[in-house]
Protein chains: 2
Amino acid sequence: MRFMEQPRHPLPELAADPICAPTCTIPLQQAKQLQGRLLDIHKAQRMAEFFGLLGDANRLRILSLLAEQELCVGDLAAAVAMSESAVSHQLRTLKSIRLVQYRKQGRHVFYRLQDHHVLELYQAVAEHLDES
Amino acid sequence: MRFMEQPRHPLPELAADPICAPTCTIPLQQAKQLQGRLLDIHKAQRMAEFFGLLGDANRLRILSLLAEQELCVGDLAAAVAMSESAVSHQLRTLKSIRLVQYRKQGRHVFYRLQDHHVLELYQAVAEHLDES
DNA sequence: ATAATATATGAATATATATTCAGATGTCAA
DNA sequence: TTGACATCTGAATATATATTCATATATTAT
């Protein structure tokens with residue numbers, strides 16, 4: 001996952017004209033269709049960033065709590081048994097992609113879910129894993 | 001993301017009894033409910049593994065092609081402009097969590113989507129990013 | 001058999017990530 | 001204003017990951 005920065009891994013260029021090697025096993029016709037279906041590389045990057053954000057157990061645990069109510073950093077940290085610093089860092093990354101919002105009250109900062117959309121993904125995967 | 005191995009990062013223990021610090025801002029009542037909502041740590045791991053698998057642009061691009069038809073490694077590599085070795089490695093990780101299946105035919109190995117479930121997630125995120 | 005092709009694999013490398021630690025900042029209470 | 005608290009931040013560290021490269025394996029064609 002990469003966020004808040006541009007990737008440093010060199011992105012592969014899209015193959016120029018003939019998309020498949022000389023040894024290609026699919027007919028050239030199909031090969032051209034393939035390129036149409038192929039996920040655009042920049043969109044792939046953004047989608048990967050999003051999925052990657054959900055690809056961490058501690059972030060998921062944090063989200064599972066914020067799904068129901070807002071919580072301040074300290075309580076969140078206590079509940080998930082992480083250091084406050086670690087939680088703060090994670091909240092920052094969650095904020096960076098607008099999954100969470102915050103509200104300041106005195107010296108506390110209360111975080112809450114901004115994009116409830118993710119709960120559907122969360123549920124879908126949770127159930128999916130239960131099946132298999 | 002971690003797959004095919006146990007995580008080496010030490011998993012934080014769940015806080016024993018009083019889940020929140022002495023400075024806790026939420027009432028103890030709520031604190032107990034929190035623990036009920038908190039995603040179980042092992043399930044969190046498995047979900048994170050799954051999401052993490054989708055958290056790579058090249059894997060998404062590979063999946064975007066396999067969504068429609070089976071393809072052999074060489075064609076796949078040509079289409080996404082990656083080395084065959086890199087594609088092979090990625091397919092292995094996709095196989096490890098049973099997102100793809102393969103079928104051998106002569107010296108070719110044709111891969112195809114095993115779990116079409118993921119296409120829904122894929123679509124959901126694709127559309128979600130289009131909105132914002 | 002031998003060579004050519006298709007794929008897989010392991011080690012090495014480069015990069016990315018999560019956490020910790022020390023300390024900075026901002027807020028409240030005495 | 002001093003000290004305690006809540007959160008944030010950046011650098012350092014440990015770990016995880018993707019790719020490449022060299023090589024192994026398996027299949028087909030000559």
Side-chain angles (χ1 to χ4, degrees), chain A residues 1-12 20-26 44-45 48-49 51-62 71-78 80-96 102-111, chain B residues 1-12 20-26 44-45 48-49 51-62 71-78 80-96 102-111:
Chain A
M1 174 195 42
R2 307 182 192 103
F3 45 85
M4 302 191 286
E5 271 185 24
Q6 281 311 91
R8 271 172 253 168
H9 255 308
L11 291 180
C20 49
T23 58
C24 181
T25 58
I26 58 177
Q45 283 291 346
E49 187 178 321
F51 278 121
L53 223 40
L54 299 179
D56 177 86
N58 284 332
R59 276 195 296 270
L60 287 177
R61 277 154 37 90
I62 288 171
L71 283 167
C72 69
V73 179
D75 288 346
L76 209 36
V80 299
M82 294 171 63
S83 78
E84 298 180 353
S85 177
V87 169
S88 181
H89 277 297
Q90 293 294 31
L91 287 170
R92 195 153 88 104
T93 79
L94 290 173
K95 207 169 54 185
S96 81
Y102 65 92
R103 160 180 88 81
K104 291 189 179 178
Q105 178 181 319
R107 46 189 153 178
H108 291 277
V109 180
F110 287 90
Y111 282 83
Chain B
M1 173 194 49
R2 308 181 193 101
F3 45 86
M4 299 193 287
E5 269 185 27
Q6 281 314 90
R8 271 172 255 170
H9 256 308
L11 290 180
C20 50
T23 56
C24 181
T25 58
I26 58 176
Q45 283 291 345
E49 186 179 322
F51 278 122
L53 223 42
L54 299 179
D56 177 87
N58 284 332
R59 275 195 296 269
L60 287 177
R61 279 158 30 93
I62 289 171
L71 283 168
C72 70
V73 179
D75 287 346
L76 209 38
V80 298
M82 292 170 64
S83 78
E84 297 180 355
S85 177
V87 169
S88 181
H89 277 296
Q90 293 295 31
L91 287 171
R92 194 155 87 107
T93 80
L94 290 173
K95 208 169 52 184
S96 81
Y102 66 90
R103 160 179 88 81
K104 291 189 178 177
Q105 179 180 320
R107 47 190 153 181
H108 292 277
V109 180
F110 287 90
Y111 281 83

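In what follows, chains are A, B, ... by sequence order, proteins preceding strands, each numbered from 1. Since this is a predicted model, take the numbers as computed values, not measurements.
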Mind calculating the distance between [atom1] ([X]) and [atom2] ([N]) to the nearest angstrom?
X: B/I62; N: D/dA18; atom1: CD1; atom2: P; answer: 11 Å
X: A/H89; N: C/dA22; atom1: NE2; atom2: C1'; answer: 11 Å
X: B/E84; N: D/dA24; atom1: CD; atom2: C1'; answer: 15 Å
X: A/M82; N: D/dT7; atom1: CE; atom2: P; answer: 14 Å
X: B/Q90; N: C/dT9; atom1: CD; atom2: P; answer: 14 Å
X: A/R92; N: D/dT7; atom1: CZ; atom2: C1'; answer: 12 Å
X: A/Y102; N: D/dC8; atom1: OH; atom2: P; answer: 8 Å
X: B/L94; N: C/dA8; atom1: CG; atom2: P; answer: 12 Å

Next on the checklist: Taking atom types as they are modelled, would you say the side chain of A/S88 forms a donor-acceptor pair with the base of D/dT9 within the 3.5 Å cutoff?
Outcome noted: no
Checklist entry - Checking only heavy atoms, does the side chain of B/H108 share a donor-acceptor pair with the base of D/dT28 at less than 3.5 Å? => result no
Next on the checklist: Taking the minimum atom-to-atom distance to the side chain of A/C72, which one of C/dT7, D/dT7, D/dT20 wins?
Outcome noted: D/dT7
Checklist outcome for this item: Closest of C/dT7, D/dT9, D/dA18 to the A/S85 side chain is D/dT9
Next on the checklist: Is it true that, when you exclude B/Y102 itself, more than 12 heavy atoms of the residues, nucleotides or ligands shown sit nearer than 6.0 Å to its OH?
Outcome noted: no
Checklist entry - With sugar-phosphate meaning primed atoms plus P, OP1 and OP2, does A/S83 contact a base, only sugar-phosphate, or nothing at under 4.0 Å between heavy atoms? => result sugar-phosphate
Next on the checklist: By the 4.0 Å heavy-atom rule, please label B/Y111 as base, sugar-phosphate, or nothing.
Outcome noted: sugar-phosphate
If the cut-off is 4.0 Å, is [X] near the phosphate of [N], judged by side-chain N/O to OP1 or OP2?
X: A/R107; N: C/dA29; result: no
X: A/Q105; N: C/dT27; result: no
X: A/N58; N: C/dT19; result: yes

Next on the checklist: Quick one, B/F51 and A/L60 - any side-chain contact, counting heavy atoms below 4.5 Å?
Outcome noted: yes
Item to check | Any A/S96 side-chain heavy atom under 4.5 Å of A/R92 side chain | outcome: no
Checklist entry - What is the minimum heavy-atom distance between A/R59 and A/L53, and which atoms define it? => result NE-O, 2.7 Å
Item to check | Closest heavy-atom pair and its distance - A/N58, A/D56 | outcome: N-OD2, 3.0 Å
